[in-house]
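To start, the structure itself, in structure tokens.
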2 protein chains.
Amino acid sequence: MGRLKSGELAKQAGVNVETLRFYERKGLLPEPPRRESGYREYPEESVRLIRFIKRAQELGFSLGEIQELLALRVRPGTTCAEVRGRTGRKLADVRQKIADLKAIERALTKLAASCSGRGPVNHCPILENLDGELSSGPKSPRDRGRT
Amino acid sequence: MGRLKSGELAKQAGVNVETLRFYERKGLLPEPPRRESGYREYPEESVRLIRFIKRAQELGFSLGEIQELLALRVRPGTTCAEVRGRTGRKLADVRQKIADLKAIERALTKLAASCSGRGPVNHCPILENLDGELSSGPKSPRDRGRT
DNA sequence: CTTGACTCCGTACTTAGATACGGACTGTAA
DNA sequence: TTACAGTCCGTATCTAAGTACGGAGTCAAG
């Protein structure tokens with residue numbers, strides 16, 4: 001076994017069947033082989049792929065960015081510099097996200113701690129505690145709205 | 001200084017003027033005082049607020065979730081347990097995101113390193129290197145689609 | 001006191017991402 | 001061998017998040 005029909009893959013990955021077709025059209029999900037009838041037969045690892053896509057979305061990546069992430073690899077005709085370049089840009093992005101999330105984490109931790117403390121906090125502590133910590137201001141123009 | 005008109009706030013925060021009205025309608029941005037004419041006058045800290053919202057979006061939070069984050073605070077009538085509860089749930093969410101991003105970071109780092117290595121990598125290394133590391137599978141049904 | 005940029009508001013449109021619909025075909029278990 | 005769930009495809013619809021439009025009022029520099 002190891003071949004999945006659309007419905008099986010969808011169920012295992014926790015998405016709607018239509019979403020699979022949608023991803024396929026978008027080029028995120030490679031076109032799977034078909035049987036005679038035209039039915040798709042997905043390899044089992046597609047489950048991982050779909051789950052990765054869904055999770056990456058929850059981490060703030062657009063489908064376009066996810067596609068770029070998935071396309072990263074060292075291929076025959078590619079120079080070392082190129083791979084490093086493409087990878088490096090993503091890496092910087094990811095690291096900034098981690099840093100910003102950590103700032104939020106600190107703020108939340110502080111808030112939970114301040115709870116057993118004295119006075120009520122009535123301003124917004126998330127914002128207060130993040131003061132100056134979040135990378136605020138798009139360094140590089142975000143490319144979320146490409147066609 | 002200190003009071004901003006819509007256009008000024010929008011420019012400083014890097015968003016469209018209409019977006020401010022949109023956030024106001026959604027309750028994300030508190031209604032600012034108006035002058036006689038009806039013109040809005042934002043306090044300077046609104047810049048921080050808007051930037052936080054934008055950044056939080058890039059970290060994968062929906063406007064609804066951001067609203068919840070911003071609403072977190074210790075208020076007079078609130079029990080300690082309640083604050084801890086609400087904060088704790090967000091905290092778990094944030095920490096999971098950090099962990100998942102770190103997994104991606106590791107994969108990218110490894111990819112960059114494998115570059116100067118021997119053979120060309122032709123399968124997708126992002127997915128490979130993430131094997132089993134990403135929290136794949138929504139523990140709690142995500143609530144991104146609320147009204 | 002006019003002119004051009006800015007603001008107001010309600011409503012309509014757009015884009016990304018996903019879901020639904022409907023009619024025809026397929027797979028399989030009773 | 002029929003019934004019924006699953007699949008196919010194209011197209012249409014939906015939601016979240018924003019953007020744009022248009023007509024009326026406002027502000028400030030000349």
Side-chain angles (χ1 to χ4, degrees), chain A residues 1 3-29 31-42 46 49-68 70 138 141-147, chain B residues 3-29 31-42 46 49-70 138 141-147:
Chain A
M1 67 215 77
R3 315 274 94 185
L4 305 172
K5 286 197 280 182
S6 310
E8 297 165 338
L9 173 56
K11 174 165 277 189
Q12 287 194 40
V15 302
N16 190 307
V17 183
E18 316 290 336
T19 304
L20 298 180
R21 290 210 312 128
F22 175 70
Y23 286 170
E24 188 176 316
R25 267 181 270 133
K26 288 268 161 177
L28 269 132
L29 190 54
E31 295 192 21
R34 310 287 190 111
R35 43 167 109 168
E36 292 302 313
S37 58
Y39 278 32
R40 292 169 178 79
E41 294 216 295
Y42 294 97
S46 298
L49 175 54
I50 302 296
R51 287 190 178 159
F52 172 77
I53 294 172
K54 293 317 276 182
R55 185 55 184 162
Q57 281 187 300
E58 293 175 358
L59 296 173
F61 296 98
S62 68
L63 292 185
E65 291 171 317
I66 293 169
Q67 205 163 4
E68 289 172 12
L70 290 171
R142 310 240 101 244
D143 57 346
R144 324 195 53 147
R146 273 158 315 155
T147 3
Chain B
R3 314 277 91 188
L4 304 173
K5 286 198 280 184
S6 311
E8 297 166 338
L9 173 57
K11 173 163 276 191
Q12 287 194 39
V15 301
N16 190 308
V17 182
E18 315 291 336
T19 306
L20 298 180
R21 293 210 309 128
F22 175 71
Y23 285 170
E24 188 175 316
R25 267 181 270 134
K26 288 269 160 176
L28 268 127
L29 190 54
E31 295 193 20
R34 308 288 190 109
R35 43 166 106 170
E36 291 301 311
S37 58
Y39 277 32
R40 292 170 177 79
E41 294 216 295
Y42 295 97
S46 298
L49 176 54
I50 302 296
R51 287 191 179 157
F52 173 78
I53 293 172
K54 292 318 275 182
R55 186 55 184 160
Q57 280 188 301
E58 292 176 357
L59 296 172
F61 296 99
S62 69
L63 291 185
E65 290 170 318
I66 292 169
Q67 204 162 6
E68 289 172 12
L69 275 177
L70 289 171
R142 310 242 99 241
D143 57 349
R144 325 196 53 149
R146 278 158 311 159
T147 4

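For clarity, every value in this text was computed on a predicted model and none was experimentally measured.
Counting heavy atoms from C-beta on, the side chains of B/F52 and B/L70 come closer than 4.5 Å. Side-chain atoms of B/L63 and B/Y23, non-hydrogen and from C-beta on, do get closer than 4.5 Å to each other.
Checked against A/S6 for a side chain to side chain contact (heavy atoms under 4.5 Å, CB included), the options A/E41, A/R40, A/K11, A/E18 give a single hit: A/R40.
For the OP1/OP2 pair of D/dA17 and a distance below 4.0 Å, the side-chain nitrogens and oxygens of B/K54 include no atom meeting the criterion. Considering only side-chain N and O atoms, A/Q57 lies under 4.0 angstrom from the phosphate OP1 or OP2 of C/dA18. The phosphate of D/dC8 has OP1 or OP2 within less than 4.0 Å of a side-chain N or O from A/S6.
The CZ-P distance, from A/R40 to C/dC25, rounds to 17 Å in whole Å. The distance between atom CG of B/L9 and atom C1' of C/dT7, rounded to the nearest whole Å, is 14 Å. For the pair B/L63 CG and D/dT15 P, the computed distance is 16 Å after rounding to whole Å. Summarising the geometry, the separation between CD on B/E65 and C1' on D/dA16 is reported as 12 Å, rounded to the nearest angstrom. Here D/dG6 presents its C1' atom at 14 Å from CZ of A/R34, a figure rounded to the nearest Å. Atom-to-atom, CG of B/L4 to P of C/dT7 comes out at 11 Å; the value is rounded to the nearest Å. For the pair B/E8 CD and D/dC27 C1', the computed distance is 12 Å after rounding to whole Å. Residue B/E58 contributes atom CD, which lies 21 Å from atom P of D/dA16 at whole-angstrom precision.
For residues 15-25 of chain B, proximity to DNA chain C is found at B/R21, defined as any non-hydrogen atom under 4.0 angstrom from a strand atom.
Between the CG atom in A/L9 and the CG atom in A/L20 there is a gap of 5.0 Å [rounded to 0.5 Å].
When atom types are taken as modelled, the side chain of B/Q57 and the backbone of B/I66 share no donor-acceptor pair closer than 3.5 angstrom.
Along DNA chain D, the nucleotide nearest to A/S37 and the one nearest to B/E36 differ in position, and the one closer to the 5' end is contacted by A/S37. Residues B/R35 and A/K5 both approach DNA chain D. Their nearest nucleotides, taken by heavy-atom distance, put A/K5 toward the 5′ side.
Contacts of A/K11 with the nucleic acid, taken as non-hydrogen atoms under 4.0 Å apart, are absent.
Counting atom types as modelled, A/Y39 pairs a side-chain N or O with a base atom of D/dG6 as donor and acceptor under 3.5 Å.
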